[in-house]
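Heavy atoms only: backbone and side chains are in, while hydrogens, waters and symmetry mates are out.
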Amino acid sequence: MFVANYIDRVNIGFAQDQLRAEVGLSAGAFGFGAGLFFVAYAIFEVPSNMLLERFGAKVWLTRIMITWGLVATAMAFVNSAEMFYVLRFLLGVAEAGFFPAVIYYFTRWLPDADRGRATAIFLMGSGTASVIAGPLSGALLEMHGLAGHSGWQWMFFIEGMASVVLGFVVFRFLDSRVEDATWLTDTEKAALTAAVDAEQTARSSGRGTERVSRWKLLADPQMLLFCWIYFAISLALYAVTFWLPSIVNDIGGLSDFEVGLLVAVPWLCAIGAVYVSGRASDRTGRRRPFLVAALITGSVGTFLATVVSPWLGLAALCIAAMGFKTSSPIFWTIPQSYLDARVAAPAIALVNSIGNLGGFVSPTVFGILEDTTGSTEGGLIGLSVVGIIAAMTVALVRGGGRNDPRRGRRTGEAAARTGLGSKPKPKPKPIET
């Protein structure tokens, strides 16, 4: 689902040249339209996640996917700047709630010690999508003129309809709750539910037994820190995502398909980095040092891309993609472990919606910079500075500390005793003396 989601969200970066030429969009207008998606996303994110709690993951995630696929398909019929703005806004409305819904979904299915890897695997979907989107979108763009339609129209139509079809497939296979999983035994369901509930009880015990106010928690200063750090991550990720095809195109002499292949290289590097960092952060339980390292790596790569040749700039952007892509899954394990499950869904949605406004700011600013200066170097340098500041801010964040390794062993042994996972080895009999 995330692969399809991400392709439909960022494929306008590949259609940029053809779309701007045929519809008559300036770089500033294109950047503004690309970013409008995130404004709608921010407005409708929290309400969407509250509805998730009411309707369940199966119904709500399927609804999200089918509606965004229909809007993404409609992008094939854009004929003016105004229509471009409206459809990008509606795409944000349709997609709102998907990502935080899955992050919340993990909190109800997995103990904390396993969420780092799970979140990393899930977020590898965006890296996988970036690898796929380049060659796929490039090939579809070369269908230009087929049946009298432009390549960008074929790209939007085919990729959008693929999401609609996948939405119906998802409805058949997705389970909302642990209790709904036919692929687990009753004993395994009980063990898994007990492990997740035990962690929630431990988190909420320190806050007393009174009813938790969602709005009071959303005003928590830590939430502001979460929002700022994720804003910085989104600012960098979407700037690189939307403008990478244009940067690669500056190399010169490349077809649309070749540009797509080269754009896939940084994200291919990022996929491996995301998985390795997710496993390492789970193993050590120390989330914050990994997050700081990832943000600094991304910032260094972004800065290097401004001072070297286009080919070396592509290599520098590989470093940037590895750093910033890695920072996202590591970041999400921190609010997951900090938030009370009773307010986790709207709180995660708030962090994601405000943080994703970085996706509005970065393409808008980059478009204005290209219109006024003819270059995006100033924007890339600014991203480097933002990344360093965000890395420094991580020191103020609570949550994401070292997991107690004994807790992991106790959880594993308890699960084994109740039938979930492998059985512990029998203890040796004492030696009689």
Side-chain angles (χ1 to χ4, degrees), residues 1-2 5 45-66 96-123 125 166-205 207 209 211-212 214 217 278 282 329 332-333 335-349 352 403 407-424:
M1 291 176 76
F2 197 26
N5 173 269
E45 188 94 308
V46 174
S48 178
N49 254 38
M50 289 180 173
L51 290 170
L52 164 76
E53 292 180 298
R54 175 175 297 180
F55 293 105
K58 184 185 187 74
V59 171
W60 198 243
L61 287 175
T62 302
R63 192 284 305 164
I64 289 174
M65 187 164 204
I66 293 174
F98 172 72
F99 179 84
V102 176
I103 298 299
Y104 171 71
Y105 185 69
F106 287 165
T107 68
R108 308 310 304 148
W109 274 81
L110 297 167
D112 180 68
D114 297 302
R115 282 190 215 129
R117 278 170 293 170
T119 304
I121 292 170
F122 172 64
L123 287 174
L166 183 58
F168 288 101
V169 175
V170 165
F171 186 77
R172 168 67 179 79
F173 291 103
L174 188 68
D175 294 317
S176 292
R177 304 173 304 164
V178 173
E179 294 84 351
D180 300 329
T182 58
W183 40 275
L184 292 174
T185 66
D186 289 341
T187 303
E188 289 170 338
K189 293 176 187 178
L192 182 56
T193 302
V196 173
D197 289 347
E199 287 187 352
Q200 162 56 18
T201 301
R203 281 199 300 271
S204 59
S205 61
R207 298 185 173 98
T209 58
R211 185 177 182 272
V212 178
R214 294 173 184 230
L217 184 61
D282 269 355
W332 279 113
T333 61
Q336 279 177 327
S337 63
Y338 175 79
L339 292 167
D340 190 303
R342 290 169 286 181
V343 291
I348 289 172
N352 190 60
N403 292 327
R407 183 189 69 179
R409 287 196 293 270
R410 288 196 300 269
T411 302
E413 291 168 1
R417 286 194 298 270
T418 53
L420 182 63
S422 58
K423 296 182 179 179

Nearest 0.5 angstrom please: [X] [atom1] to [Y] [atom2], how far?
X	Y	atom1	atom2	value
Thr119	Asp114	OG1	CG	10.5 Å
Asn5	Ile64	CG	CD1	9.0 Å
Lys58	Phe173	NZ	CZ	9.5 Å
Leu61	Phe55	CG	CZ	13.0 Å

Work out which heavy atom in [X] is nearest to a heavy atom in [Y]; give both atom names and the distance.
X	Y	value
Pro111	Val196	N-CG2, 4.1 Å
Ala181	Trp109	CB-CH2, 3.8 Å
Asp175	Thr182	OD2-N, 4.5 Å
Thr62	Gly167	CG2-O, 3.3 Å
Leu166	Met65	CD2-CE, 3.1 Å
Ser48	Gly97	OG-CA, 3.5 Å

Does the [X] side chain pair with the main chain of [Y], one donor and one acceptor, at a distance under 3.5 Å?
X	Y	answer
Thr193	Ala190	no
Ser176	Gly56	no
Trp60	Arg54	no

key: Pair Trp332 and Phe122, ring centroids less than 6.0 Å apart   = no
How about [X] and [Y]: do any of their side-chain heavy atoms sit closer than 4.5 Å?
X	Y	result
Arg172	Val169	no
Asn352	Ile103	no
Phe98	Met1	yes

request  = Apply salt bridge (charged side-chain N to carboxylate O under 4.0 Å, His left out) to Asp197 and list each qualifying residue two or more places apart in sequence or on a separate chain.
outcome  =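 Testing Asp197 for salt bridge (charged side-chain N to carboxylate O under 4.0 Å, His left out), a comparison that skips the adjacent residues, returns Arg108.
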inquiry  = Taking CZ in Phe171 as the centre, count heavy atoms belonging to other residues, nucleotides or ligands within less than 6.0 Å. Is the count above 12?
reply    = no
